[in-house]
Each structure stands twice: as structure tokens, then as C-alpha cells.
K.L.:
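First, the structure itself, so that you have it in front of you.
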There are 2 protein chains.
Amino acid sequence: MTRSSNLIEVAKAAGVSNMTVSRVINNSGNVSEKTRQKVLKAIKELNYQPNLIARSLARKKTNILGLVVYTEQGVHPAFYNEIINGVQKGASELGYDLLVFANREDQSYSDRITHSSFVDGVIFMGVKINQHDIRNVHEKGFPYVFIGKREIEGIHPYYISPDYVKGTRMAAEHLIELGHTKIGFIGQSRIIEPDYDKLLGYQEALFKHHVVYNPQLVFEESQTQLDGYNAMKELLKQKPTAVIINNTYATIGATTAIKEAGLQIPEDISVIGFDDNQELNEQYNDFIGLELSTIRIPKVELGKEAARMAISLLEGNETPKANFIDLHFMKNDSCKKL
Amino acid sequence: MTRSSNLIEVAKAAGVSNMTVSRVINNSGNVSEKTRQKVLKAIKELNYQPNLIARSLARKKTNILGLVVYTEQGVHPAFYNEIINGVQKGASELGYDLLVFANREDQSYSDRITHSSFVDGVIFMGVKINQHDIRNVHEKGFPYVFIGKREIEGIHPYYISPDYVKGTRMAAEHLIELGHTKIGFIGQSRIIEPDYDKLLGYQEALFKHHVVYNPQLVFEESQTQLDGYNAMKELLKQKPTAVIINNTYATIGATTAIKEAGLQIPEDISVIGFDDNQELNEQYNDFIGLELSTIRIPKVELGKEAARMAISLLEGNETPKANFIDLHFMKNDSCKKL
DNA sequence: TTGTAGGCGTTATCAG
DNA sequence: CTGATAACGCCTACAA
């Protein structure tokens, strides 16, 4: 493998000291335009690129951001992967690379992260976060950020989370403004925080517009197509004029149930889903020839913002502890004015 | 942030030289059990972890593997992401971490990769691979591996690819052995190599069993649910007894068309799909209450093997140029004996 | 079995 | 504006 040249060789070629070269490549300090050009020429001729490892050692900073993904089964669901994309983008825009730690189940990452000095800061994502890792990182004062709302006893971590409450409230208000009052909600949960928040937003909208909350219209947690299908079948017995559904898979199931019942969207029932899985959502829209109105989680933006937070933190800038990112209500063709 | 201790401090605490400590942490050279214990004790007391950056600089090796993903729209489809998972796992098992480069569209990565000395080797994945990057890396003798079959003029790269020909051939043979001869194929393509190979496998199976190839049963490229739906509608006019479909989305579309035509799987028609999107495939199986027989691309294994190849290569081991990974035929409930 | 000296490629510090 | 010198933390080579 061809060896690349180093700073000293460039210095020799340009007839200056290594520090001058260093100043040129870092745009730091004052260098006369003349020597500057000499150095740049030498750099070009030798095809020189700084060795980032050596730089990291000297600077005690790698410009690498760590991302730890705690997954349930060692494989990331699509949802996570889109966020990872965003983190990468955000880091990249600020001059950082991303080192992804994952897939070492029931293993702790924190020692490798804090000691190895390979990453300057870290982002944690996932449901099954390793508590030991957090305490470890926290105690060492190592910069870290969560994706997702977190409160850990005794620790007030930095985190960024989608604003599920607000997003769902806006969607529900949209329906109410269209004249709907009998609005179903598929996706209640007492365990999963985002789903809990979604229901909260739904309730807030009803409350604000003096619509009475009817538990009969609310259905339990639904993560799958089949769940959505079954829930909708039950819900239809209540003759709702609109429905809000938890996630993409459930939405597909639910709309199938609607179709099977001989009902039309939006003529007979208005539908708002969550397109947490955008790829699938688009495919499905194409397929049914209808653009569903959805609440979109800007996952890439979420990841980007997480990267920005972490970098702001590790660079010692003032950083707000909690951050919320707005969901987008995609007002498409599946809602009708009553 | 609390500073971690270094090798010299450990040496002092243990009352030995830094080299002895180095030997202990690397299990290299001979160290008497007694001093060894002393050192280990000091390491534990100081909570010492080697600084990987310094080690990398000294060894000129980072134990980090690079993965470049060339994406079409800056966001990876689910398919890629599962492979990335696998690469990570494979790298991890061999003591490597993974640095993922992506999302810098129309940008070249190769300089950063080969010069920065942050990665010891690199894996390239994606359709829109940057030719400049390849030549660059190739000319420098920097270790690299492709995921996906590649032949670049003048270059015979190392690559690993799913064996689409064999996988599809096996599936088709399975159908033939069940007595089918009128087997549809949805997903022909002259552009996309994997799809091209799938058709080849289909044809090989027919040829081997002396079944005449009928182009009327073969339908053009289909990447979406809608494509699959439309193709199947056409295909059904030919009254096939079985069909093989290109990918998960198309399979969902196709089975919907079958259902709409009032036909039953597998009673009226046998179906074999590709579950390139496993998450979706499982959801759909649940939903229709039928386990579709599929050809599965072991994406995690594919990624793992890519990592193994790249690492074998960069460590200077003998490594075969081309590697194929077998697809798994999941013999489930959607095929019937005639 | 253990230690000493020097180097990996860069940046920080302090003089000039 | 420029340069010598000493880190950064570890490893390799050689010596004892």
C-alpha cells in the first residue's frame, strides 16, 4: 500500500518548518501569503493529507461522535435506521464523523467509549438502554445526549424527542375543525411513552374544543398490521367519523378493515396515520391510490438535531437540557369536512 | 471531564517500566506471573484503559473498518440498513469498530479514507458507486471490498454477493418438483443485476427440467407494491399455477391481486416471494394469516461476510476474490403439490 | 524477564 | 511572521 506523505516532508519540500505547514493546513496563526503559497504548492505536489490519528492524539480530540443503539434483537428496525442517517448527516455538517456502536447485546459500551478516546461525545438511542452505561458516562462527565424523552433517577440528562403530544393534538384539532367529534384513536399504551403522549395530545385537543372524551373510541396499543385491522373492526361498530392511528403498520391494517367494511376514505371516514415508516407509507399510498394524511416524525431532522446537541455539548457550548422537535402534519387526501 | 490515567501512571503505581505494562495489556512477550499480577492490580486500581488513538498512531492501525454507502436520496432504504447491521456485527466479532461514511451526496470519500488513516480498510455498498473513489483506492492499494457483484473495467475487485441465480433456481426447481410447469416470474430487468440473475436462475431451473420457457409468463421489473399488483393481474390471464416474485413490496401487491381475483394461495396458485424486507414480510404474513414461502437474502450474514473479507484482506491474509452467499429458501405454506 | 531509547505525525508553547 | 522543542500515549527494537 502506498504510504502517504507527512507534514515534515511537506515542510522540507516547501523549505519551511513543520509548524508553518501546520499553520497553513489549520488556517491558524499568521502566515505570510508568500510562504503560504509555497506550502500549498508542496502540499499539492506531495498529495498530502493530514493524519487524523496523529492530530487526534495531539489535540486530544477526534472529531468523532459515537452513537450507541440499544436494540432488542440485534437488528435495528427501520425506524432507528432513519434516525441514524440523520445523526450522520448532522455530524457530517459540523465536521464530525460517526462511529456506531451496536449489536453487542447485553454488553456495556461505556468503558470503551469514555476511555478509548475514540469519540468526543456520545448519543444514546433505543428502548433497552443500559443503565450502567449511563451512570458511568454521567459520572465521568462525558458528554452524552439521549434520543427520546428520558428521566433517570437522580440524573437530568440532555435529550431530544419528537413532540408527540403537540403533533397528535394538532392532527386531532384539524379533525375537530373539520367538524368531527366522534374521533377514534388506535394506539393507546400505558407502557410506551410515545404512545402515551400521543393519546395525551388527542385528549388535549378534545378538551380544548369541548368535545367529550369517549373511552369507547380508544383502542389499546397496536404495533402491527393485524392489531390495526382488529382494532378498526371493533372501532367501526361505534360508527366514528374519523380515526387517528398510531403507526404505519397499524394504519395499513386499519384501512384494510375500512375497505372490507365497504367504506370509503375520506367519504365515509377520515383517517390520519403516523408515517413512522416513510418508505412503507409511500408504497402504500401508491398502492391504494390515495395520499393518506399523516403525522410525520422528521426522523432525519431528529437525528441531525441530536448530533448538533451532542456536538454543542462536547464543544462546551451552552446547550438546553431538553429539546423537542415538531412533528409535521401532512394534510393530504384522507380527511373530509363534515 | 475526569481524565483517565495512562500507561505511565500504571507503570509507576506498579513499580515497573511502561514496557512491562504494555506487555501485560497486550499479552505479548514474557512477563513473570508475579509482576503481571502487580500490573493488573495497578490497572484495576487506576481504572486504566489503553488509549486507542495513541495505540493506533504507534501501530499505524486503528482496527476500524470503513463502510461507504452510496445512496440515491441520502436516506438508506431498509435493505441497506440490515446489511450495515451485519457489517457491524462481523467487524465487532473480529475486534473492529465500524465507521460509516454516507450521506455526503456527490462527494468523494476516498481521500479521506485512504489518507486520514482512520480506517484500515473499506467496504463499498450501493448502486451509485463513485468510480473515482474506486480507482483512487485501487491505485493506492488500499484494501477494499464490494458488496454486490462488480466488474469494473481493468479492475477485478474483491466482492461478496448473494447468489441470486442459485437461490432462484432452487425455488423454481422446488415448484417444478411439485408438478408446476406454468410458473410466472415477476421482476425481469435488464438493468438491475440482481434481478437479471434471478431470471437466469428461473431459466436454468426450467432448462434443467425440460420445461419450455414461455416469455409470456415473465413480467418486467417491479419494485413497488403497485407494480406487483399490476403485473399479477396481467399474469393471471395466462392461468399460471405458480409464480415467483422479485421482492417484498411486489409480493404484497401480487398477492392482493390474487385475492381480488377470488383465488386462494396455495390452493389455486403457488407463490414464492423474496423477503428482502424481512420486517415487512413478517408483518404481512401475520396479516394474511399465511406464511409465504420465500427466498431469503441473509442480509446480516452478507454484511458479516463482507466485514470478514475486508478484514482478512487488510490483515494480509489470502482472500478469495469473489464470494457468493447462499440464499435461503423458506419452505412455508404458499406452495402446493399438483 | 525487564528496561531504555526512539519514533508514530501532529499540535502547543514559547522564543526569536 | 517563523521556528525549535516538547508533548500526546503507546509500541518496536534493541539491550541488559
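Quick note on labels: first sequence line is chain A, next is B, and so on, each numbered from 1. Below, all heavy atoms of this structure are taken into account, side chains as well, without hydrogens, waters or symmetry copies.
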K.L.:
For A/R59 and D/dG9, give me the distance from atom CZ to atom C1', rounded to whole Å.
P.N.:
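After rounding, the reported distance stands at 18 Å.
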K.L.:
Side-chain N or O of A/K60 less than 4.0 angstrom from OP1 or OP2 on D/dG9?
P.N.:
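Yes, such a contact exists.
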K.L.:
Nearest 0.5 angstrom please: B/N85 CG to B/K304 NZ, how far?
P.N.:
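B/N85 atom CG to B/K304 atom NZ measures 11.0 Å (nearest 0.5 Å).
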K.L.:
Can any side-chain N or O of A/K321 pair as donor or acceptor with the backbone N or O of A/H156 at less than 3.5 Å?
P.N.:
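Indeed, once roles are kept as given, a pair shorter than 3.5 Å links the two residues.
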K.L.:
Nearest whole Å is fine: how far is D/dC8 P from B/R55 CZ?
P.N.:
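The answer, rounded to whole Å, is 19 Å.
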K.L.:
If you take all heavy atoms of B/D276 and B/E82, which pair is closest and at what distance?
P.N.:
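Taking every non-hydrogen atom into account, O-OE2, 4.2 Å.
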K.L.:
Who pairs with B/R150 by side-chain contact (heavy atoms from CB on, under 4.5 Å), at least two apart in sequence or on another chain?
P.N.:
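Scan of B/R150 (side-chain contact (heavy atoms from CB on, under 4.5 Å), adjacent residues dropped) gives B/I129, B/F146, B/P157.
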K.L.:
Looking at residues at least two apart in the chain, or sitting in another chain, which of them share a salt bridge (Lys or Arg N to Asp or Glu O under 4.0 Å) with B/K61?
P.N.:
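In terms of salt bridge (Lys or Arg N to Asp or Glu O under 4.0 Å), with neighbours along the sequence ignored, B/K61 is linked to B/D120.
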K.L.:
Which of residues 14-22 of chain B sit near DNA chain D, with a heavy atom under 4.0 Å from it?
P.N.:
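Those residues whose heavy atoms fall under 4.0 Å from DNA chain D, taken from residues 14-22 of chain B in numerical order, are B/M19, B/S22.
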K.L.:
In whole angstrom, give the distance that lies between atom CG of A/L7 and atom P of C/dG9.
P.N.:
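In whole Å, C/dG9 P lies 10 Å from A/L7 CG.
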K.L.:
Which nucleotide in the set D/dC8, D/dC1, C/dT2 lies at the smallest distance from any side-chain heavy atom of B/T35?
P.N.:
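Per side-chain heavy atoms of B/T35, the pick is C/dT2.
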K.L.:
Do the side-chain N or O atoms of B/S32 get closer than 4.0 angstrom to the phosphate oxygens (OP1, OP2) of C/dT2?
P.N.:
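Indeed, a polar side-chain atom of B/S32 lies that close.
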K.L.:
With sequence neighbours excluded, tell me which residues meet side-chain contact (heavy atoms from CB on, under 4.5 Å) with B/N47.
P.N.:
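Per chain and number, B/N47 pairs via side-chain contact (heavy atoms from CB on, under 4.5 Å) with A/H115, A/K140.
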K.L.:
Quick one: list whatever passes side-chain contact (heavy atoms from CB on, under 4.5 Å) with B/E318, sequence neighbours left out.
P.N.:
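For B/E318 there are no side-chain contact (heavy atoms from CB on, under 4.5 Å) partners, ignoring immediate neighbours.
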K.L.:
Distance from A/H138 atom NE2 to A/I155 atom CD1, nearest 0.5 Å?
P.N.:
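Between A/H138 NE2 and A/I155 CD1, I get 4.5 Å after rounding to 0.5 Å.
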K.L.:
Using heavy atoms and a sub-4.0 Å distance, could you list which residues of residues 37-54 of chain B are near DNA chain D? By number, please.
P.N.:
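Those residues are B/Y48, B/P50, B/N51, B/A54.
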K.L.:
Quick check for you: among C/dT13, D/dC11, C/dG9, whose closest atom lies nearest to any side-chain atom of B/N26?
P.N.:
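Closest nucleotide among those given: D/dC11.
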K.L.:
Nearest-Å distance, CG (B/N30) to C1' (C/dT1)?
P.N.:
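Atom CG in B/N30 sits about 7 Å away from atom C1' in C/dT1.
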K.L.:
B/L57 near the nucleic acid: base, sugar-phosphate alone, or nothing, with a heavy-atom cut-off under 4.0 Å?
P.N.:
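Result for B/L57 = base.
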K.L.:
Considering only D/dG9, C/dT13, D/dC8, which nucleotide approaches the side chain of A/A58 most closely?
P.N.:
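Between D/dG9, C/dT13, D/dC8, the one nearest the side chain of A/A58 would be D/dC8.
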K.L.:
Rounding to a whole Å, what distance do you find between B/R23:CZ and C/dG3:C1'?
P.N.:
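Going from B/R23 (CZ) to C/dG3 (C1'), I get 8 Å.
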K.L.:
How many Å lie between NZ on B/K34 and C1' on C/dT2, as a whole number?
P.N.:
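These atoms are roughly 14 Å apart.
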K.L.:
Output the rounded distance in Å from CG (B/N63) to C1' (D/dC10).
P.N.:
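To the nearest whole Å, that distance equals 14 Å.
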K.L.:
Return the value, rounded to whole Å, for the distance between atom CD1 of B/I8 and atom P of D/dC11.
P.N.:
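Answer to the nearest Å: 12 Å.
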K.L.:
If we ignore hydrogens and angles and just use 3.5 Å, is the side chain of B/T62 paired with the main-chain N or O of B/F118 as donor and acceptor?
P.N.:
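Such a contact is found between B/T62 side chain and B/F118 backbone.
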